[in-house]
Each structure stands twice: as structure tokens, then as C-alpha cells.
Number of protein chains: 2
Amino acid sequence: MAQTRRPYHHGDLRAALVDAGLEATRAGGPSDLILRDVARRVGVSANAAYRHFDDREALLAAVAAEILARVARGMAPAEPVNGTERTRALERLRSVGLGYIDFARREPGWFSVVFFGWRTGEAVATPPPGPFVALTDALDAMVAAGALNDAGRDGAEWLCWSAVHGFAELVLRGPLRDAPDDQVDRLAVRTVDAIIAGLDA
Amino acid sequence: MAQTRRPYHHGDLRAALVDAGLEATRAGGPSDLILRDVARRVGVSANAAYRHFDDREALLAAVAAEILARVARGMAPAEPVNGTERTRALERLRSVGLGYIDFARREPGWFSVVFFGWRTGEAVATPPPGPFVALTDALDAMVAAGALNDAGRDGAEWLCWSAVHGFAELVLRGPLRDAPDDQVDRLAVRTVDAIIAGLDA
DNA sequence: ACTCCTATGTGTACAGTGTGAACATTGGTT
DNA sequence: AACCAATGTTCACACTGTACACATAGGAGT
């Protein structure tokens, strides 16, 4: 029987490389994206990647973009419908923060890739769209619900983001790495609640 | 004239390597610690380093320890003497947080080395002594001054650390990288004040 | 003072990395 | 049918961390 000869041209190598990059980085983060290895997995020579990406860094950026797209797609709009508008807005903001931390814990590698995993200067100086707009929207809803005044709203994105990102970092690479899950759960809630409560300080 | 022949043995190679490591990582962080390069700078063969460190990772750890020691040494105990005990405790806690952020901004490379710069599993799961005890002490002083109740004190280290570390990360590698200095100043203050205010939420 | 041991430094070598340059193979357009 | 631009391959280079065998020297014990 004639064995199916692998065609010289791959078909959609770019997508295949990104896919392999997703697999490669899932466990260990950005540093586990080895160009030659990714190409090998796809069954293509190492330099073939250069027809689609300038650079290892460029492939990493593409992988990051894909992760971000999936995160955005998977963000359930599930807002609680019970309670006053005020409590609903608050609950929504809390769940955005807790969702960020949750993603970091469930997909540590991908989290590291997406959020500041690359070092090249020109890379994302603008915040990643998906989760970021979810945050600003939730904050705007807080204002609309009267749960946050204008002074407190100003710059609140950065305060919230700082808290949850820092917490994620402590859990992933910092001293909370070996803390038991339920304790991390409690601390996560406390961190989110604290930063929200402090917004209009 | 007899040129001063470099002696076969260096004298204190270990310290020299750590020094060179400090220089190397000062600008760009952990990934700029190239073992061969460090050895070259010291004027010694690449493998000489292995007589003093198991590993590149081990040298990096030694560099981190040295940075931490310097930070601890340079932490001025300058407490404000004016105001009530309560305001003094608060001011002290604020300055610990702002000091952390300040260090990150002034020495981004060293900051990255010390705070979770390495990825090896067994590395620092215990928090770095210097700044960490400063934080816990400041929090204890808050309790003593009646500015924080016991419920708020519980786990407060992690909340505070999360906020300032996350903020530093946003400024160093995140979307606040290109923000003007004075805006970053204001946001830093707001972040620290917010997390402190939220401690007893 | 002589010997020898051990700590410390050197040289060579290897596997693995990202990436540039020249060459090969196509599928689609004319 | 002929050609061209897109896509893959091969070869090569500089660089990394690190293992192994060897060289050197400083100090302890006789």
C-alpha cells in the first residue's frame, strides 16, 4: 500500500506552530517554547518557522495572542441577577478579580506567557483586551450602581490589576507556592475584597 | 619590566563572581546572567565557576542573596516621630510598601532577580528575610497602635505584598511601562493606601 | 625542608539553542 | 506549458551550560 507521502508544503504551518506552541508552554511558561522543538513536533525543519515568524519572540507573541483570544472567548458573562444593582456590580467586579487568579492557578504556563511573559521592549505596552475590558466594564458598572465614586474610579484598573496579578505571582513563583489550596482560596478572596474596599479610600 | 603575572589562583573567586553577577544582572535581570560572560569578566575560565557553584542557578541564587543583603542593610529605620502612635504606624507601613515599589523602579534588574526571578522548583519558597520582616513588623505595629484589628491582621502580609508586587510588575513589564513618572508616583501611593485601607474590610 | 594532598583553575568536548544564507519544491497565475 | 512567488530544507555559525580529564599551587604533616 502506498504510504501517504507527507506533502512538501504543510498546509497551514502557521496555525500548527501556534498550536504546538500552546502545548509547549502550557506547563512551564514562555521559557519552554523551544523553536526547534516546536518545529520538530509539527514535523517540519527548524527554519521553516521563519517563513511565518520573524523570530522566536514573534512566535511567542502569536501564542500569547491565541491564549488571550481563548480566555476572552471563555469568559462567561454569567452575571448574578439577584440582589440590588449595587451588590450585583460588586459581585461582578469580585468575580473578574477571582477569575484572573483562578486562571493563573489553573493554567500557570499560559498565564505566564500572556501576562508580561515576554521581555522584548516593544511588546504589549497596551493592556491585553479581553480581561482588561472586563475589568474596566465591571468598574464602570460599580460607578453606575453608586458603589464607587468618581475619585475612586480614577485609575482603579491599575489598583485592581496590581492586587490580583501580584497575588497570582506570589502563588505561582513566590512564597505562597506551597501553600495548601484552601488557604490560597481564602487569601484570594481576602485580597480581592480588600483592594475593592480600598478603592475609595 | 616584569609584567605582573596573574596568579593561577584568584584569591577570592567566589566573591568576584558574585560581584560580576551583580553588574551583569543590574540592567536586564536574571536572564542577563551568562555564566561564561561572568567568568570572562573576572578573567577566569568558564568552568572555574563550578568550583564555587553547582550551577548557573546556584550563582544566580548567590547574587540574589547578596542583593537582598544590601537591600536589608540599606533599609533606613527612619520612622517618623511626629503624630499619634496610630498615624506613625500607618506611615511606617506606607513607607514599607512605597519602598518596595521604589526599589523595583530604581533597580529593575536586581528586583527581578530577587523577587521570584528564578524558576527552579526548590528555590525560595520561604520569603526573603529583609523586606518581609519589615512588612510584618510594620503590620504588628499597626495592631499595637490600634489601627488594625486581629481579623484584619491575619494574612495581611500577603495582601500587602500582592498589591505592591503586582504594581511593580505592571510598571516594569506591564502596561504601565511607558507611563510618565509622576503618574506612576500617584498610582503607587493610591495602590498602597488602597490595600491598607482594605485590610479590615 | 621535603612530600603529598586537596582545593582551585584550565582545556577540550559535546549537546543543544536561535538564526542567517543558499538551495529545493511546489501551487497558482499568465 | 512556463514561470514565479511562497514555502520548506540543508548547511553553517556563534553562542550557551556543563561534564571530564588535566594542571597548578598552597598548606599540613613528617
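Residue numbering restarts at 1 for every chain, and letters A, B, ... go by the order of the sequence lines. Source: prediction; values computed, not measured.
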Heavy atoms from other residues, nucleotides or ligands near CG of A:Asp182 exceed 12 (cutoff 6.0 Å): yes
In Å and rounded to the nearest 0.5 Å, what is the OG1 to CZ distance from B:Thr87 to B:Arg92? 13.0 Å
Is there a side chain to side chain donor-acceptor pair (under 3.5 Å) between B:Ser112 and B:Arg173 once you walk through the steps? CA-CA 10 Å; B:Ser112 302; B:Arg173 288 181 261 290; 3.2 Å; yes
Just how far, in rounded Å, is [atom2] of [N] from [atom1] of [X]?
X       : N      : atom1 : atom2 : result
B:Leu17 : C:dT8  : CG    : C1'   : 12 Å
A:Leu13 : C:dT25 : CG    : P     : 18 Å
A:Arg51 : C:dC23 : CZ    : C1'   : 10 Å
B:Glu57 : D:dT16 : CD    : C1'   : 14 Å

Charged N to carboxylate O under 4.0 angstrom, A:Arg88 versus A:Glu91? no
Looking only at the aromatic ring of each residue, does the gap between the centers of A:Phe111 and A:Tyr100 stay below 6.0 angstrom? yes
A:Phe132 and A:Trp158 aromatic centres sub-6.0 Å: yes
Whether B:His52 contacts C:dA7 is assessed here as follows: a side-chain N or O lying under 4.0 Å from the phosphate OP1 or OP2. Is that the case?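 No, because none of the side-chain N or O atoms of B:His52 sits under 4.0 Å from OP1 or OP2 of C:dA7.
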Sort me out a list of protein N/O and nucleotides 15-18 of chain C N/O pairs below 3.5 Å, or just none if empty.
unit_1: C:dT17; atom_1: OP2; unit_2: A:Arg40; atom_2: NH2; d: 3.3
unit_1: C:dG18; atom_1: OP1; unit_2: A:Leu35; atom_2: N; d: 2.7
unit_1: C:dG18; atom_1: OP2; unit_2: A:Leu35; atom_2: N; d: 3.4
unit_1: C:dG18; atom_1: OP2; unit_2: A:Arg36; atom_2: N; d: 3.0
unit_1: C:dG18; atom_1: N7; unit_2: A:Arg36; atom_2: NH1; d: 2.4
unit_1: C:dG18; atom_1: O6; unit_2: A:Arg36; atom_2: NH1; d: 2.9

Of all the choices, D:dT18, D:dC11, D:dG8, which nucleotide is nearest to the side chain of B:Ala46 once you look at every atom?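 Output: D:dT18.
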With respect to the side chain of B:Asn47, which nucleotide from C:dT8, D:dT9, D:dA19 is positioned closest? D:dA19
